[in-house]
Amino acid sequence: MTDLPCPPFTLEVEAAPGAVRLRLVGDLDYDTSEQLVESAQACLAADPALRDLVLDCSRLRLCDSSGVSSLLLIHRGTTSGGVVLHLENAPAFLRRILDVTGILHLFALDGAGRQAERAQDGPPPGVDRYRTVPPPAPSG
């Protein structure tokens with residue numbers, strides 16, 4: 001069996017006054033998560049007036065546990081600096097991972113991620129998830 005070539009993980013940085021966007025392309029995993037954390041930390045250190053750090057996930061193909069850990073490390077850095085961490089265009093698999101692990105609420109979802117969250121059946125994850133069901137009527 002021949003392995004298909006995996007595109008390399010790349011980060012594109014776009015800076016604007018008060019905001020930085022990191023475009024993630026490829027797989028966020030054990031081999032690449034440190035690169036993302038280092039880039040995010042460099043952005044936070046470079047601009048003390050930064051208000052928003054946006055991770056554009058539209059071209060993210062995979063996120064493993066190391067990727068989730070890197071997102072939490074970045075969140076810790078943004079929170080301590082008063083910076084909002086946005087996940088823009090988060091694919092369904094990423095939203096699902098963050099929901100299942102109970103950390104989706106830590107991230108501001110923007111773009112397609114917010115639209116997909118609203119389009120799901122029922123309320124967004126974590127909101128009124130459990131409803132009281134009346135007991136069955138007595139038989140007899």
Side-chain angles (χ1 to χ4, degrees):
M1 183 163 134
T2 305
D3 288 334
L4 296 174
C6 185
F9 181 77
T10 60
L11 288 170
E12 300 169 6
V13 180
E14 295 177 4
V20 172
R21 172 177 280 114
L22 296 174
R23 294 184 190 277
L24 287 58
V25 179
D27 297 347
L28 182 57
D29 58 15
Y30 177 80
D31 295 324
T32 61
S33 58
E34 187 175 336
Q35 180 184 353
L36 174 60
V37 172
E38 289 173 356
S39 294
Q41 289 173 341
C43 291
L44 292 169
D47 185 358
L50 192 67
R51 294 183 311 273
D52 297 288
L53 179 63
V54 179
L55 303 181
D56 181 349
C57 302
S58 61
R59 295 176 55 196
L60 192 64
R61 292 177 358 120
L62 174 134
C63 182
D64 71 2
S65 60
S66 295
V68 171
S69 178
S70 69
L71 294 175
L72 288 171
L73 285 170
I74 295 167
H75 178 267
R76 182 182 298 167
T78 57
T79 301
S80 66
V83 177
V84 178
L85 178 58
H86 302 264
L87 294 182
E88 186 174 72
N89 303 313
F93 74 83
L94 181 58
R95 290 189 317 277
R96 175 82 175 132
I97 290 168
L98 299 178
D99 182 39
V100 168
T101 56
I103 60 173
L104 182 65
H105 68 280
L106 298 177
F107 306 96
L109 290 180
D110 297 336
R114 172 89 51 210
Q115 293 168 0
E117 183 179 281
R118 288 183 192 142
Q120 290 176 350
D121 293 335
V127 177
D128 196 25
R129 180 179 293 173
Y130 303 103
R131 295 193 172 114
T132 304
V133 176
S139 60

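Because the structure is predicted, anything quoted here is derived from the model rather than measured. Atom set for the values below is all heavy atoms of this structure, side chains included, hydrogens, waters and symmetry mates excluded.
In this structure, the side chains of Phe107 and Leu85 come closer than 4.5 Å at one or more pairs of heavy atoms. Taking the side chain as every heavy atom from C-beta outward, Leu28 and Leu94 never approach each other to under 4.5 Å. Side chains of Ser66 and Asp29 form no contact here, defined as non-hydrogen atoms less than 4.5 Å apart. Taking 4.5 Å as the limit, every side-chain heavy atom of Arg23 sits out of range of all side-chain heavy atoms of Arg59. Side-chain contact between Leu55 and Leu71 is present, with heavy atoms from C-beta onward closer than 4.5 Å.
In terms of hydrophobic clustering, with Ile, Leu, Val, Met, Phe, Trp and Tyr side chains grouped at heavy-atom distances under 4.5 Å, Val54 and Leu44 are assigned to different clusters. Using a 4.5 Å cut-off between side-chain heavy atoms of Ile, Leu, Val, Met, Phe, Trp and Tyr, with links allowed through other members, Leu98 and Leu72 fall into the same hydrophobic cluster. Both Leu87 and Val13 sit in one connected hydrophobic cluster of ILVMFWY residues. Membership requires side-chain heavy atoms under 4.5 Å apart, directly or through other members. In this structure, Leu22 is not a member of the same hydrophobic cluster as Leu62, with clusters built from ILVMFWY side-chain heavy atoms closer than 4.5 Å. Note on Tyr30: it does not cluster hydrophobically with Leu73, by side-chain heavy-atom contacts below 4.5 Å among ILVMFWY residues.
Dense packing is recorded around CZ of Phe93, with more than 12 heavy atoms of other residues, nucleotides or ligands lying under 6.0 Å away.
Between Ser70 and Gly67, the shortest heavy-atom distance links the atoms OG-O, 2.6 Å. Residues Leu109 and Leu104 approach most closely at CD1-CD1, 4.0 Å, considering heavy atoms. In plain terms, the two heavy atoms of Cys43 and Leu50 that are nearest each other are O-CD2, 4.1 Å.
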Query - From CA spacing to verdict: side-chain contact (heavy atoms from CB on, under 4.5 Å), Leu11, Leu24 - result: CA-CA 5 Å; Leu11 288 170; Leu24 287 58; 3.9 Å; yes

Report task. Kindly indicate, with the supporting measurements, whether the criterion side-chain contact (heavy atoms from CB on, under 4.5 Å) is fulfilled by Thr79 and Leu106. Result -> CA-CA 10 Å; Thr79 301; Leu106 298 177; over 6 Å; no

Query raised in the report: Taking it one step at a time, do Leu53 and Ile74 satisfy side-chain contact (heavy atoms from CB on, under 4.5 Å)?
Result: CA-CA 9 Å; Leu53 179 63; Ile74 295 167; 3.8 Å; yes

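Panel note: side chain Ser80, backbone Gly77; a donor-acceptor pair is recorded below 3.5 Å.
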Identify all side-chain donor-acceptor contacts of residues 34-42 below 3.5 Å with residues at least two apart in sequence or on another chain.
residue	atom	partner	partner atom	Å
Ser39	OG	Gln35	O	3.1

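For the atom pair OG1 (Thr101) and CZ (Arg96), the distance works out to 10.0 Å, reported to the nearest 0.5 Å.
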